Amino acid sequence: MSKQNKEFVKEITPRSEDYSQWYLDVILKAQMMDYSPVKGCMVIRPYGFTLWENMQQGLDGRIKATGHRNAYFPLFIPESLLQKEADHVEGFAPEVAWVTHGGNEKLAERLVVRPTSETIICEMYSRWIQSYRDLPVLINQWCNVVRWEKVTRPFLRTSEFLWQEGHTAHRNEEEAEEETLKMLEVYRDFVENDLAVPVVTGRKTENEKFAGALRTYSIEALMSDGKALQAGTSHNLGTHFAKVFDITYLDSDGELKHVWQTSWGVSTRLIGAIIMVHGDDRGLVLPPKVAPTQVILVPIAPKKARETVLPKADAIYRDIKESGVRIEMDDREEYSPGWKFNEWEMKGVPLRIEIGPRDLENGQAVLARRDTGEKETVSLDSLKTRVRELLGEIQANMYDKAKAFREENTYRTDDYDEFKKIIEEKRGFVVSRWCGDSDCEQAIKEDTKATIRCLPFNEETTSGPCLRCGTESDKLAYFARAY
RNA sequence: CGGGGCGUAGCGCAGUUUGGUAGCGCACUUGGUUUGGGACCAAGGGGUCGCAGGUUCGAAUCCUGUCGCCCCGACCA
């Protein structure tokens, strides 16, 4: 390794050395985002935004396939609307941005820049819904929201972020609950299959639920530093909002009833999850399904061989592109192959094709995969097929690797001392019995900084003592320190 | 809000103790030679040293004030 190369490798702080710094290095070096002059806000650069667009595409398809349609609601929400639901306003008031003036004139009523759109959407729903025939209303919106956070972190917690928020209205509890769980499943499917990030699904505790919700469900992912990240939420809002916004319908039995509502959302935070779950000391690693560039073709074309290599590389590039793979060719003359290899690895491109004079002599190309670093030589005849095959393998391998990591870092104990030790020394998920009492949950948080991420579905358990207080319980909870 | 640290070129930093008119690496520009894991040589461009006062013949350096950022704590959909 040359001297320059050594210095370069140091440019990305090793993950083990300073996780925070590593995270920032990866994002900046991959040119996903940059800091903006507005505190806590970020500029998403084209490379990062293309990733987001690919994610949007995958998720939007699933949202539409489950019967929802996209719409758009205003960025500004009158103060009086936000005030209507008590829990909701209490939850969001400390972090909303206010608009107080229009031009030079002070507004008669202040506006908030939406931190979420429940209130303004409910206001519209109350006008749109009259009859049971109007239900269900299944609407989704892609937009930006603003939450004035004290501590921010790129992608994970920013003052402004992009997201998708679904808002639905139903006839009764059963339908609303079914919708809430259906959308949680859509998120699980999308995040696990497209982003290769394994998640735990479950219900949030009363403490952790959405401000104004009846029940909140979430998908929880484990980052490579052992901290948990809430990757998506789905809320059964009950009839709380319907009551204060007067969203009623005349049912087929002639009775006037309040609708049951749900809301659900995932945000650009998922980009942070991808980075922290898959990234390594060389930079970003992107799952093929959403990678802006799936394959990077690097022709190795010394002057003498340029005429033979470049046309051949171009033909391969076109051929693969036509087969529907997102491939780019890096034929810049001013950078050396090694420079390009590092550059594209930093950007997380899943697969690289190297093709030079030596390969052409043998009728082959070299394939290098980002997830394992392995290289293989493939004959030019089978290149196109092998590329598609490998992209699939990489996607699957990334998921398996992340899942294995999560399993290795998920512990099962009901002993509080052991629990504290694991949380402090190893991090990860700790699955323990919990009595269901809020005070107990709070005490554990104060002792260990670990919170209940969710109460999992489908975890069988026999009755036993609660982790902290010893009360008999058959509830299991996933605990972790979280972002 | 409490404790600590830092503001010097696009980025990362040295210079501050002991005042003398600003430097290094990367990046950038031009020319040439290069290309299988961040190539090399040569020549260039770029800075009101966070801001405002003060001390001094002279301030990046000393003094006072102020603004901003980062880390730890606190707070936290």
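Since the structure is predicted, the reported quantities are computational estimates derived from the model, not experimental observations.
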Is there a donor-acceptor pair closer than 3.5 Å between any side-chain N or O of A:Ser234 and the backbone N or O of A:Thr180? yes
Using heavy atoms to find the nearest nucleotide of RNA chain B for A:Ala211 and A:Thr152 separately, return the residue whose nucleotide is more 5′. A:Thr152
Tell me the partner of B:G36, counting only Watson-Crick (N1-N3 plus N6-O4 or O6-N4) or G-U wobble (N1-O2 and O6-N3) with both under 3.5 Å; none if nothing fits. none
In the strands shown, is B:C24 matched to any nucleotide by a Watson-Crick or G-U wobble pair with both distances under 3.5 Å, and which? B:G12
Whole-Å distance, A:Gln31 CD to B:C11 P, equals 14 Å
Checking side-chain contact (heavy atoms from CB on, under 4.5 Å) against A:Glu118, which of A:Gln261, A:His88, A:Glu123 comes through? A:His88
Separation of B:C71 atom C1' from A:Asp18 atom CG, nearest Å, is 10 Å
P atom, B:A60 versus B:U16: distance in rounded Å? 14 Å
Specify the separation, in whole Å, of atom CH2 of A:Trp339 and atom C1' of B:A27. 10 Å
Strictly by Watson-Crick or wobble contacts shorter than 3.5 Å, is anything paired with B:C1, and which nucleotide is it? B:G73
Can you tell me if the side-chain N/O atoms of A:Ser336 get under 4.0 Å from OP1 or OP2 in B:A39? yes
Which part of the nucleic acid does A:Glu345 contact within heavy-atom distance under 4.0 Å: base, sugar-phosphate only, or nothing? base
Base partner of B:G7, which must satisfy Watson-Crick or wobble distances under 3.5 Å: B:C67
Roughly, in whole Å, what's the span from CD1 in A:Ile355 to P in B:U35? 18 Å
Please report the distance, rounded to the nearest Å, between CG in A:Asp34 and P in B:A27. 19 Å
Using the six-membered ring wherever Trp is involved, compare the ring planes of A:Tyr335 and A:Trp339 and label them parallel, tilted or perpendicular (cut-offs 30° and 60°). parallel
For atom P, what is the distance between B:C71 and B:U30, given to the nearest Å? 38 Å
Picking from B:C76, B:U35, B:G37, the nucleotide nearest the side-chain atoms of A:Pro337 would be B:U35
Could you give the distance separating B:A59 and B:A22 at their P atoms, to the nearest angstrom? 12 Å
Where is the tightest heavy-atom contact between A:Asn236 and A:Gly238, given as atom of each residue plus distance? OD1-N, 2.9 Å
A:Leu28 atom CG is separated from B:C11 atom C1', nearest whole Å, by 10 Å
Could you work out the separation of B:G47 and B:C24 based on their C1' atoms and round it to a whole Å? 14 Å
Mind checking A:Arg352 for me? I need base, sugar-phosphate or nothing, with any heavy atom below 4.0 Å counting as a touch. base
Pairs in or reaching into residues 356-365 of chain A: which pass salt bridge (charged side-chain N to carboxylate O under 4.0 Å, His left out), with residues at least two apart or in two chains? none
Would you mind classifying the nucleic acid contact of A:Pro357 as base, sugar-phosphate or nothing, using non-hydrogen atoms under 4.0 angstrom? base
At under 4.0 Å between heavy atoms, what does A:Lys340 touch on the DNA or RNA strands: base, sugar-phosphate, or nothing? nothing
Which residues satisfy the salt bridge (Lys or Arg N to Asp or Glu O under 4.0 Å) test with A:Glu376, sequence neighbours excluded? A:Arg386
Indicate, yes or no, whether a donor-acceptor pair under 3.5 Å links the base of B:G37 to the side chain of A:Lys375. yes
For A:Thr451 and A:Ala482, the nearest pair of non-hydrogen atoms, with its separation, is OG1-CB, 4.3 Å
With a 3.5 angstrom cut-off on both distances, give the Watson-Crick or G-U wobble partner of B:A43, or none if there isn't one. B:U29
Please give the distance between the P atoms of B:G68 and B:A74 as a whole number of Å. 24 Å
With nearest nucleotides of RNA chain B determined for A:Lys449 and A:Thr216 from heavy-atom distances, which residue corresponds to the more 5′ nucleotide? A:Lys449
In whole Å, I'd like the distance from the NZ atom of A:Lys29 to the C1' atom of B:C26. 9 Å
Taking only the C1' atom of each, what is the distance from B:C13 to B:C49 in whole angstrom? 13 Å
Check every strand shown and say whether A:Val298 touches a base, only sugar-phosphate, or nothing at a heavy-atom separation below 4.0 Å. nothing
Using whole Å, report how far CZ of A:Arg369 lies from P of B:G37. 21 Å
With C1' as the reference atom in both, quote the distance from B:C63 to B:G44 in angstrom, rounded to an integer. 41 Å
Could you identify the nucleotide paired to B:U18, looking across every strand shown and requiring Watson-Crick or G-U wobble geometry with both distances under 3.5 Å? none
Separation of the C1' atoms in B:A9 and B:G15, to the nearest angstrom: 15 Å
Answer with base, sugar-phosphate or nothing: what part of the nucleic acid does A:His88 contact at a heavy-atom distance below 4.0 Å? nothing
